[in-house]
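Data block below; observations after.
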Amino acid sequence: MLAAATGGLLASGSRLPAARAAEDAPLTRPGHYGFGLGSFRVTTLLDGYVQGDGPHPTFGQDQPVEAVQELAQANFLPPDRMENSYTPVLIDTGEAVVLFDTGNVPGRQPTAAFLVDQLRAAGYGPDQVDVVVLTHMHGDHIGGLMRDGQPTFPNARYVTGQVEFDFWAADERLSGATEQGATLFRANMMPLAEKTTFLADEGEVVPGIRAVAAFGHSPGHMAYHIESDGRRLLLWADTANHYVMSVQRPDWHVRFDMDKDAAAATRRRILDMAATDRLVVSGYHMPFPALGFIERSGESFRWVPVSYQLNL
Ligand SMILES: [Zn+2]
């Protein structure tokens with residue numbers, strides 16, 4: 001089943017056994033995707049992915065397994081296996097090179113933490129990144145900040161939400177459910193605090209890029225509005241984390257959401273905005289190239305992947 005599921009993702013249609021397919025895929029699937037947004041150049045970069053059991057109970061944690069499996073199958077997805085991918089975004093405004101999120105901790109999984117390789121393939125070195133924006137402090141977003149104890153992006157300054165930073169910096173996070181996350185935060189983010197600017201809702205990163213409070217997935221999680229010459233992009237980070245489950249059923253509970261109800265309310269608000277304003281969306285966990293539109297569908301929504309819209 002897994003071989004059949006992953007085989008379809010390989011460019012050549014080769015039939016490798018599942019384990020090899022997973023290990024080889026970073027080399028065989030596209031890893032960077034670039035387009036112009038007004039005078040900005042946007043590149044989405046595939047840090048990697050993991051495959052495992054699911055979507056239930058990670059998605060639809062408060063739902064019967066049958067309901068989740070039924071929705072998966074109705075959308076041509078396997079009922080009991082899933083893939084989660086990680087896509088940081090680079091925006092070259094002409095004045096500054098801005099990277100949103102940094103992928104996973106190097107060396108922990110064979111199929112993730114490829115951000116620097118993808119960056120080089122797209123024509124940028126890590127030393128060219130001027131600003132690193134952290135949408136929130138989860139490990140798959142701050143994991144790539146350091147390599148061997150040194151900053152991965154040696155010339156960068158950093159930007160993140162004040163609420164998010166303060167939450168993770170509090171000593172009480174070092175025990176209980178937040179222990180693992182707070183430990184990584186101390187290793188990767190704390191040493192960079194002196195080079196970090198802290199934003200509130202509507203705060204500006206550089207001209208044309210501003211924060212949108214999207215709390216719930218984590219206490220201070222931020223989305224970002226990007227605009228150049230009247231062209232707009234909504235970078236929603238982890239507002240919705242599965243292109244079917246979180247978009248078609250935004251109220252379903254998600255294991256990764258630290259405040260389930262706040263995350264669901266934020267999801268509805270942001271999905272509604274994306275649909276109403278017909279925005280191009282980049283979502284960190286949407287299938288690569290992690291770009292699409294949101295279409296209204298009855299009481300909820302559908303993810304419409306980009307085709308050639310951004311080439312024109
Ligand atoms: Zn994430």
Side-chain angles (χ1 to χ4, degrees), residues 26 31 44-55 57-61 82-90 99-106 108-109 111-115 118 132-146 152 158-161 163-165 167-168 173 177-178 180-185 187-189 211-224 234-247 250 252-260 262-264 266-267 270-271 274 281-292 303:
T44 68
L45 302 156
L46 182 64
D47 180 68
Y49 60 87
V50 292
Q51 296 172 341
D53 295 339
T58 296
F59 295 93
Q61 200 179 32
M82 65 170 284
E83 177 174 288
N84 187 12
S85 53
Y86 314 95
T87 303
V89 177
L90 190 81
L99 175 67
F100 290 83
D101 292 328
T102 66
N104 290 269
V105 175
R108 288 198 186 162
Q109 298 139 338
T111 55
F114 288 88
L115 172 61
Q118 307 289 20
V132 176
V133 180
L134 289 318
T135 61
H136 64 299
M137 296 297 154
H138 286 168
D140 51 326
H141 298 255
I142 66 168
L145 275 172
M146 295 281 182
T152 306
Y158 302 86
V159 175
T160 196
V163 172
E164 181 74 1
F165 187 94
F167 175 85
W168 291 101
R173 306 302 167 223
T178 53
Q180 206 184 351
T183 302
L184 182 63
F185 172 85
N188 276 18
M189 189 70 224
V212 179
F215 301 168
H217 173 70
S218 67
H221 174 267
M222 294 281 214
Y224 286 85
L234 174 66
L235 189 149
W236 79 22
D238 282 21
T239 299
N241 280 344
H242 190 288
Y243 80 102
V244 169
M245 302 295 151
S246 303
V247 176
W252 283 7
H253 285 185
V254 178
R255 184 165 56 88
F256 304 128
D257 290 342
M258 294 172 72
D259 182 332
K260 313 285 186 237
T266 293
R267 203 152 38 237
I270 300 280
L271 285 163
V281 172
S282 173
Y284 195 74
H285 297 290
M286 298 296 105
F288 197 78
L291 293 160
W303 174 258

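We count ligands from 1, going down the list as the structure has it; atoms in each ligand are counted the same way. One-based numbering along the sequence shown. Below, each value reflects all heavy atoms present in this structure, side chains not excepted, and no hydrogens, waters or symmetry copies.
Listed by chain and number, the protein atoms of type N/O/S under 2.8 Å from the Zn ion (ligand 1) are D140 OD2, H141 NE2, D238 OD2, H285 NE2; waters are omitted.
For the side-chain hydrogen bond (donor to acceptor under 3.5 Å, both in side chains) with H285, the lone residue among T239, D238, T87 that qualifies is D238.
Remark: the backbone N or O of L145 is paired with a side-chain donor or acceptor of T102 at under 3.5 angstrom.
Here the NE2 atom belonging to H141 is positioned 8.5 Å from the CG atom belonging to N104, to the nearest 0.5 angstrom.
Between H136 and H221, the ring planes are perpendicular. Angles over 60° get that label, and only those under 30° would be called parallel.
Residues M222 and G161 approach most closely at CE-CA, 4.1 Å, considering heavy atoms. Nearest heavy-atom pair across F256 and H138 is O-CE1, 3.8 Å.
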